[in-house]
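For the single chain, residues carry numbers from 1 onward in sequence order. Note that the structure is a prediction, hence the values are computed from the model and not measured.
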Amino acid sequence: MRLAVPLMSIMALLGIAYLIADATDLARWAADWQRSVQNEMAGAIHALRAGAPGALIALLVAAGAYGFFHAVGPGHGKYLIGGAGLGTRVPMARLIGIAVASSLAQALSAILLVYGGFSLLELTAPRMTTLAENYLAPASYIAVAAIGAVFIWRGGKALTALSRPLKGVSAEVTGGHSHPHSHDKACGCHAHGASPQDVAALKSLRDALMLVGSIAIRPCTGAIFLLVIAWQMEIRGAGALAVIVMGLGTAALTSLVAASSIAARSVAFASVRQTGGMALAMPSLQILAGATIIWISLLLFGNAVV
C-alpha cells in the first residue's frame, strides 16, 4: 500500500503529460491541416457570397474540421479539462458537458468581440486580433493557472484533514456527553468536516463556471478570421453559425480528452480502491494535477507575452 500512491502518482503524471503535451510533430501536423481547412473556409465564404448551392454546408464542414484540428495545438483549455478529469471526482458526463460548454462559450466570445467590435466600438480587424492575442489570451492563461492553484489548495486542505484525527479510540464530549469511538470509522454522531472525496468532487455550479469562464476568455483566432470576412461580405448570420460549429469541432477534441483523463484516473485508482487508500490518493493527485496546470499555463503565458 505504501508503494501504491507513489506509483499511482507517477502513472497520473504520465497520463497528464500524454493528454496535454503539444508534441512538435503533432502540432506541426495540426497546423498543416489548419491552413488547409482555413483555405477551404475562405473559398466556401466566397462561394456563399456568390450564391453557390451547397456553399453553406461546405463552410460548416470546414469550420467544424478547423475547430478540431486547431484544438490539437496549444491552448484551448484541453490541459485544464484533462487535469480536472484526473485530479477530481467529476463524472464523465459532467466533464464532457463542461468541455462542450467551454468550447461554445469560446465561440460566443469571438462573436461578441468581432461583431460587437465592428458595430459598437468601431475596432479594426488588426486591433481585434491584437486584443485577443496580446490581452485576452494571457488573461485566460492566468485564470486557468488560478484554477490550478485552487486544485492545490483543496488537495492540501484534504490532506491536512486526514492528518487531524487521532489514532485508536478516543473520547469526545458532544452536547454534554462523552462517547468512545474510533476516528478510523464513521461514528455517525456528528460531522468531522468535509471528506477528501467531497473536496475533490467538482460538483458545484461555481466550479463549472470557473472552468468554462477561464477557457472562454480567449476567443479563437480562426473564429476571428472567419467572422471578419463574414462581416465584410455581409453574410454575418452564416459566419456566426460557422463559428458555433467550429466550437463544436473543438468540443469534440476536448471531450475526447475529458473521457481519456477520467479513464486514466479509473485505471490509476483500480489498485487502491478496495484498500482505503483513495482518501490519500485523491488529494495527492489533485495537488499533482493543479501543479501541472499551473506549470503549463505559465509556459503559455510566457510565450504569449514575449
Can you see which heavy atom on Thr250 is nearest to which on Ser103, and at what distance? CG2-OG, 3.5 Å
Where do Ile224 and Ala132 come nearest, in terms of heavy atoms and distance? CD1-CB, 3.5 Å
Gap between atom CG of Leu48 and atom CD1 of Ile57 - 0.5 Å precision: 10.5 Å
In Å and rounded to the nearest 0.5 Å, what is the CD1 to CZ distance from Ile111 to Arg236? 13.5 Å
Considering non-hydrogen atoms only, spot the tightest contact between Gly222 and Tyr66 and give its length. CA-OH, 3.3 Å
Indicate yes or no for a side-chain donor-acceptor contact from Ser109 to the backbone of Gln106 under 3.5 Å, with no hydrogens or angles considered. yes
Distance in Å, Met210 CE paired with Ile147 CD1, rounded so as to fall on 0.5 Å steps: 4.5 Å
With a 4.5 Å heavy-atom cut-off, do Met41 and Met246 have their side chains touching? yes
Please step through side-chain contact (heavy atoms from CB on, under 4.5 Å) for the pair Leu95 and Ser261, ending with a clear verdict. CA-CA 10 Å; Leu95 188 59; Ser261 65; 4.0 Å; yes
Tell me the ring pair (Phe, Tyr, Trp, His ring centres under 6.0 Å) pairs involving residues 248-267, sequence neighbours left out? none
Got a sec, which residues hit side chain to side chain contact (heavy atoms under 4.5 Å, CB included) with Ala230, two or more places apart in sequence or on another chain? Tyr115, Ile235
Counting distance only, does the side-chain N/O of Thr254 pair as donor-acceptor with the main-chain N or O of Ala251 below 3.5 Å? yes
Where Gly85 and Val90 come nearest, the two heavy atoms and their spacing: CA-CG1, 4.4 Å
Kindly say whether Ala71 contributes a backbone atom to a donor-acceptor pair with the side chain of Lys78 at under 3.5 angstrom? yes
Let me check something: do Leu112 and Val245 share a hydrophobic cluster, defined by ILVMFWY side-chain heavy atoms less than 4.5 Å apart, either directly or through other members? no
Residue list, side chain to side chain contact (heavy atoms under 4.5 Å, CB included) with Ala242, at least two apart or on another chain: Leu59, Leu60, Ala63, Leu226
Who are the ring-ring contact (aromatic ring centres under 6.0 Å, His included) partners of Phe118, not counting sequence neighbours? Trp231
How long is the span from the CD atom in Gln286 to the CZ atom in Arg89, to the nearest 0.5 Å? 11.0 Å
Nearest heavy atoms of Ala149 and Ile294, plus distance in Å: N-CD1, 3.6 Å
Using 0.5 Å steps for rounding, measure from the CG atom of Leu253 to the CD1 atom of Ile81. 11.5 Å
Quick check for you: to the nearest 0.5 Å, what is the distance between Lys157 atom NZ and Leu159 atom CG? 13.0 Å
Does one hydrophobic cluster hold both Ile215 and Leu299, with members joined at side-chain heavy-atom distances below 4.5 Å? yes
Just to verify, what does Ser297 make a side-chain hydrogen bond (donor to acceptor under 3.5 Å, both in side chains) with, not counting sequence neighbours? Tyr79
Pair Leu80, Leu211 - check side-chain contact (heavy atoms from CB on, under 4.5 Å), show working. CA-CA 8 Å; Leu80 176 59; Leu211 265 66; 4.1 Å; yes
N/O donor-acceptor pair under 3.5 Å between Ser102 side chain and Ala99 backbone: yes
Single-linkage hydrophobic cluster, 4.5 Å side-chain cutoff, Phe68 and Val61 together: no
Counting N and O atoms only, with roles assigned by atom type, does the side chain of Arg49 sit under 3.5 Å from a partner on the main chain of Met233, one being a donor and the other an acceptor? yes
Give the cluster check for Leu227 versus Tyr135: same hydrophobic cluster or not, with ILVMFWY residues linked at side-chain heavy-atom distances below 4.5 Å. yes
Residues at least two apart in sequence or cross-chain that pass side chain to side chain contact (heavy atoms under 4.5 Å, CB included) with Ala47, listed by chain then number, are Ala52, Ala55
Would you name the heavy atoms of Ser255 and Val100 that are closest together and state the gap between them? OG-CG2, 3.7 Å
Mind checking whether Trp295 and Phe151 sit in one hydrophobic cluster, side chains of I, L, V, M, F, W, Y counted as touching below 4.5 Å? yes
List the residues meeting side chain to side chain contact (heavy atoms under 4.5 Å, CB included) with Glu40, not counting sequence neighbours, and say none if there are none. Ala62
